Amino acid sequence: MRTEDALGFYAAQAQAFAETLASFRGGDLIGAILTQAFSSFDGNVGFEAGDYPPVDCDKGCATCCTLRVTATAPEVLLIERFIRHGQARGRELNLAKRVVKANAETAGLDEARRVALRRRCPFLERGVCMIYPVRPLACRGHACYDR
């Protein structure tokens, strides 16, 4: 990617966020900003990956879902809201309890020991991400070009 193209892309993103913040009136600011961030991230990945082959990930592919990811506080709040309101079938799948269990099993472990566990994400059900619309940016950044 050419530097001037990248600078233009990032300038447009910064302007879009500034406009969202300036014009926001009540409601769910965290949700609005994160939705915009996710969309921007996805657009940037598409922009950056323009010369690569198509991504070979699809629904049911959970190959990357044993990698440890991090999430920002707003992302965690959005996931919690998504689960609490039942948008992720969270109540029937008991996603909140799965997260508590995963934390209990990995708390205090260093990175090498966490990786060695190869523990699947607690948000997976039959290979499908139950929080896909609100998955963290770290998850959105994983991609495979050849399974």
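All figures in this text were calculated on a predicted structure; none of them were measured in a lab.
The backbone N or O of Arg81 lies less than 3.5 Å from no partner atom in the side chain of Arg84, so there is not a single donor-acceptor pair. In this structure, Arg98 contributes its side chain and Leu124 its backbone to a donor-acceptor pair below 3.5 Å. A donor-acceptor pair under 3.5 Å links the side-chain atoms of Glu75 to the main chain of Leu137, judged by distance alone.
Tested against Pro136, the residues Val76, Ile79, Thr72 include a single side chain to side chain contact (heavy atoms under 4.5 Å, CB included) partner, Ile79.
Using a 4.5 Å cut-off on side-chain heavy atoms (C-beta onward), Arg113 and Asp110 make contact.
The shortest non-hydrogen separation linking Leu95 to Met130 is CD1-CB, 4.0 Å.
The CZ atom of Arg119 lies 13.0 Å from the SG atom of Cys65; values are rounded to the nearest 0.5 Å.
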